[in-house]
Amino acid sequence: MTMRLFIARDAGAVAVGADDVALAFEQAAARRGIEIEIVRTGSRGLYWLEPLVEVATPQGRVAFGPVTPTDAPFLLEAIISDGPHPLRLGITEEIPWLRRQTRLTFARCGVIDPRSVDDYRAHGGYKGLERALTLGADAILADVTTSGLRGRGGAGFPTGIKWRTVALASGTRKYIVCNADEGDSGTFADRMIMEGDPFVVIEGMTIAGVAVGASKGYIYIRSEYPHAVQAMNTAISAAKGAGYLGAGIGGSSHSFDLEVRVGAGAYVCGEETSLLESLEGRRGIVRAKPPLPAHQGLFGKPTVINNVLSFAAIPFILAGGAKAYADFGMGRSRGTMPIQLAGNIRYGGLFETAFGITLGELVDDIGGGTLTGRAVRAVQVGGPLGAYFPRALFDTPFDYEAFAARDGLIGHGGIVVFDDSVDMAKQARFAMEFCAVESCGKCTPCRIGSTRGVETIDKIRRGERVAENIAVVEDLCNTMKFGSLCALGGFTPYPVMSALKHFKDDFGPATHLQAAE
Amino acid sequence: MTAPYEPWDATRGAEIIAEHTGLEGATLVILHALQETFGHVPEPAIPMVASALNLSRAEVYGVFTFYHDFRKRPAGRHVLKLCRAEACQAAGGEVLAARAEARLGVALGDTTADQRVTLEPIYCLGLCATAPSAMLDGRVVGRLDEARIDALVAEAQR
């Protein structure tokens, strides 16, 4: 019988050698004269174990990792003889880090072949669309509302309300736009799902099209993600071939077409109105709201614009899971969140779980603390626009409102861990600098405020009139927060102010780093 | 090594532009396609794009200069991008970036005098759980340490 192996083609796995490992297994099998089939999947998201190699057994898939190319021949022998091997991790699904998760959105990621519609269907794919087609628009919208799903890009706006607004908008031409401009450092869930289970994104967007009466969708993917671009394009072709995109989707009277568009390195295009400008072929300059994209979005037409993870949550919800989805979570944060553990962390990766888990559990318990083994000093939650939290706030539950109450945000669910060698004044400076470089330039608080912010923090770090200059930074942050047109200028104060508030000792002549080393 | 690029040719440029003019909001698509062929967006192409899309030169030039990706002149034979965003900063990326700069004798954003290597910062490759990370001519590399960054630099210099 042919031995079936599973090795990720996910960029994160490839970056640590998954392609070389796959090649080594092919060569080892050829030398040994046995037949193997290597399925290139997405990643399971346990990145410290990548490259992870799984083998199909009657008991389920058994995992080994992290594997190097030189391990391949020995590992192959161990698999054939069902013998012990130092890298053997047991049944994949039983690995505690994976078993502790609630994978609704990421259920298939790392399991299926991301190029195969058949494999997707064999694992429950397209059940949501099939049911949606029998339900009709009103019932689809009711299900999305019932699920309590809120926009996973960071803003947390209720998806059901957004979709209903577009459904009610007049006009025969409407658009579905997927925001795959995942520019926040520490986040990679969009990339993972596009590479590991692209059909779930396609299915979610198609359901949105049916719900609001749109027949054209765009996926705007950042150019830094060439693997995701390729995976989505391949999946779109496969879905077209199988009758799930194009005219008469799934045998219905609905038509829906999808196209991938590639960004060009502008962080601000992750902001929805800037993204729409970019899709229209212009500079990514933010639009004032209103009008909302739901009324006048792409090319001035009513547009559903959602994050990748929002669309990817939809198929589960429409496959009869609306109530089950809403049963997870806390407060007004319903369902699960694919949380990304990153930076200086021992067990980094994708951890999907119900809202409500605390920051401390995520960092210390699940993440295992720092990779360097030093003490965790700060974590940045929610990307470059998210606040830095000290250990004292590790009891904060992962929930939109709980983070907001502590002057933070969960954003797109990324958590970046820093050890005690971090200089927080430097991180605050970086936040201002990043904003200055990436500002679209339309509004003054963002464009000028960030540049003045860099200069003023430099003065503080040089020890020039520290107290007065800290007051200037606070004033600048206040202006940016309330005077900026979008979240770039409006949220840059979060990392800056949180660094000032929780790590004030770092602001002054730069002595901290030397002291730590 | 990056794909060998074609020298600028107006007829070839016009063909590339014509392939995409039917698309909605085609400007970025066309600029990407031109850069893939010629290694940069040649200046004579800007008025051609404008004319094909019924836009002003200023509008097309404005788009071209807004986005970090589009190049005015070709990069070096190899492009080494080092992630400089927070997750890679937390994992020691700054020291490695300084090391690469020292080895190549150029600062981030510059090309070596022999035109072999362009060293660039990039703000997040989405490889934040295997940080620090880099991309050499489209190939991603994670878990960088001194030995790996040295090997990448050496590979780029070949």
Side-chain angles (χ1 to χ4, degrees), chain A residues 11-12 14-16 45 47-48 50 182-188 190-192 222-228 259 261-267 269 278-285 298-299 340-345 348-350 371-372 380 383-384 414 416-419 422 427 430 434 438 440, chain B residues 20 23-33 35-36 41 49 53 55 59-71 81 83-95 120-136 138-144 148:
Chain A
V14 169
V16 292
Y47 279 106
W48 74 97
E50 292 286 1
E182 184 181 53
D184 290 355
S185 177
T187 66
F188 44 84
D190 294 352
R191 179 187 63 67
M192 272 185 73
R222 57 203 299 265
S223 62
E224 293 86 346
Y225 281 1
H227 300 79
E259 199 179 316
R261 285 291 172 91
V262 181
Y267 174 77
C269 289
S278 186
L279 262 182
E280 291 184 19
R282 285 197 288 274
R283 294 161 71 91
I285 304 283
L298 188 61
F299 301 108
Q340 301 124 83
L341 301 173
N344 185 352
I345 192 161
L350 190 288
L371 185 63
T372 47
Q380 188 179 27
V416 177
V417 177
F418 291 80
D419 72 15
V422 68
Q427 296 309 121
F430 177 79
F434 188 73
E438 296 298 333
C440 82
Chain B
H20 304 287
L23 296 174
E24 294 183 310
T27 317
L28 269 79
V29 182
I30 291 174
L31 294 177
H32 270 307
Q35 183 152 305
E36 264 166 41
V41 181
V49 176
L53 298 179
L55 298 169
E59 281 172 298
V60 178
Y61 191 73
V63 173
F64 167 60
T65 53
F66 182 84
Y67 296 95
H68 300 305
D69 281 3
F70 300 129
R71 298 180 190 281
K81 299 183 181 191
C83 180
R84 301 292 300 112
E86 290 90 336
C88 288
Q89 291 169 11
E94 189 171 11
V95 175
E120 288 181 343
I122 190 165
Y123 289 90
C124 201
L125 289 162
L127 309 172
C128 320
T130 51
S133 56
M135 187 186 253
L136 176 61
R139 194 181 93 226
V140 285
V141 186
R143 283 186 205 138
L144 289 176
R148 286 205 177 93

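Order of the sequence lines fixes the chain letters, A, B, ..., with proteins taken first and strands second; residue numbering starts at 1 for each chain.
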Asks: Using atom types as modelled and distance alone, determine if a side-chain donor or acceptor of Ser185(A) lies under 3.5 Å from a backbone N or O of Cys124(B).
Replies: no
Asks: Using non-hydrogen atoms and a 4.5 Å limit, figure out which bit of Asp184(A) sits close to chain B: side chain, backbone, both or neither.
Replies: backbone
Asks: Quick check on Glu86(B) against chain A: is it the side chain, the backbone, both or neither that has a heavy atom closer than 4.5 Å?
Replies: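 Both the backbone and the side chain of Glu86(B) come within 4.5 Å of chain A.
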Asks: What option among Gly348(A), Gly186(A), Gly12(A) has the most heavy-atom pairs under 4.5 Å with chain B?
Replies: Gly186(A)
Asks: Could you tell me which portion of Ile122(B) (side chain, backbone, both or neither) has an atom closer than 4.5 angstrom to a non-hydrogen atom of chain A?
Replies: side chain
Asks: Please state whether the side chain, the backbone, both or neither of Glu259(A) comes within less than 4.5 Å of a heavy atom of chain B.
Replies: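 Just the side chain, heavy atoms under 4.5 Å.
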Asks: Does the side chain of Arg191(A) reach to within under 4.5 Å of the side chain of Leu127(B), using non-hydrogen atoms?
Replies: yes
Asks: Specify the closest pair of heavy atoms between Val262(A) and His32(B), including all atoms of both residues, with the distance to one decimal.
Replies: O-NE2, 3.4 Å
Asks: Rounded to the nearest 0.5 Å, what's the gap from SG on Cys269(A) to CG on Leu28(B)? Could you check?
Replies: 8.0 Å
Asks: Pick from Ala11(A), Gly45(A), Ala15(A): which one has the most heavy-atom pairs with chain B under 4.5 Å?
Replies: Ala15(A)
Asks: For Ala342(A) and Cys128(B), work out which heavy atoms get closest and say how close.
Replies: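 In this case the closest contact between Ala342(A) and Cys128(B) is CB-O, 3.3 Å.
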Asks: Taking side chain as everything from C-beta outward and backbone as N, CA, C, O, which of these in Arg84(B) sits under 4.5 Å from a heavy atom of chain A? Side chain, backbone, both or neither.
Replies: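 For Arg84(B), the backbone is the part near chain A, not the side chain.
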Asks: Name the member of Leu31(B), Val141(B), Ile30(B) that forms the most heavy-atom pairs with chain A at distances under 4.5 Å.
Replies: Val141(B)
Asks: Keeping the roles fixed (side chain from Tyr67(B), backbone from Gly284(A)), state whether a donor-acceptor pair exists under 3.5 Å.
Replies: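 At least one qualifying donor-acceptor pair exists.
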Asks: Given that the side chain runs from C-beta out, which part of Leu279(A) has a heavy atom under 4.5 Å from chain B: side chain, backbone, both or neither?
Replies: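 Just its backbone gets close to chain B.
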Asks: Chain B heavy atoms under 4.5 Å from Pro384(A): which part of the residue, side chain, backbone, both or neither?
Replies: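 Both the backbone and the side chain of Pro384(A) come within 4.5 Å of chain B.
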Asks: Which atoms form the tightest heavy-atom contact between Tyr225(A) and Gly126(B), and what is the distance?
Replies: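 That would be OH-CA, 3.5 Å.
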Asks: For Ile345(A), is it the side chain, the backbone, both or neither that has a heavy atom under 4.5 Å from a heavy atom of chain B?
Replies: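 For Ile345(A), no heavy atom lies under 4.5 Å from chain B.
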Asks: Quick one: what part of Gln380(A) sits under 4.5 Å from any heavy atom of chain B, side chain, backbone, both or neither?
Replies: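 Gln380(A) touches chain B through side-chain heavy atoms alone.
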Asks: Heavy-atom cut-off 4.5 Å, strictly under: side chain, backbone, both or neither for Cys440(A) against chain B?
Replies: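 Backbone plus side chain of Cys440(A), per the 4.5 Å heavy-atom cut-off to chain B.
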Asks: Shorter than 4.5 Å, heavy atoms on both sides: which option in Arg148(B), Lys81(B), Gln89(B) has the most such pairs with chain A?
Replies: Gln89(B)
Asks: To the nearest 0.5 Å, what is the distance between CZ on Arg283(A) and OG1 on Thr27(B)?
Replies: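 Arg283(A) CZ to Thr27(B) OG1: 12.5 Å, rounded to 0.5 Å.
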Asks: Heavy atoms, side chains only, cut-off 4.5 Å: are Thr130(B) and Glu50(A) in contact?
Replies: no
Asks: Test side chain to side chain contact (heavy atoms under 4.5 Å, CB included) on Val29(B) and Arg261(A) and set out the steps.
Replies: CA-CA 8 Å; Val29(B) 182; Arg261(A) 285 291 172 91; 3.6 Å; yes
Asks: Taking only residues two or more places apart in sequence, or in another chain, which ones meet Phe430(A) in a ring-ring contact (aromatic ring centres under 6.0 Å, His included)?
Replies: Phe434(A)
Asks: Do you know which of Gly92(B), Gly142(B), Pro132(B) has the most heavy-atom pairs under 4.5 Å to chain A?
Replies: Gly142(B)
Asks: Is any side-chain heavy atom of Ser278(A) closer than 4.5 Å to one of Phe66(B)?
Replies: no
Asks: Looking only at heavy atoms, what is the nearest atom pair of Ala90(B) and Val416(A), with distance?
Replies: CB-CG1, 4.0 Å
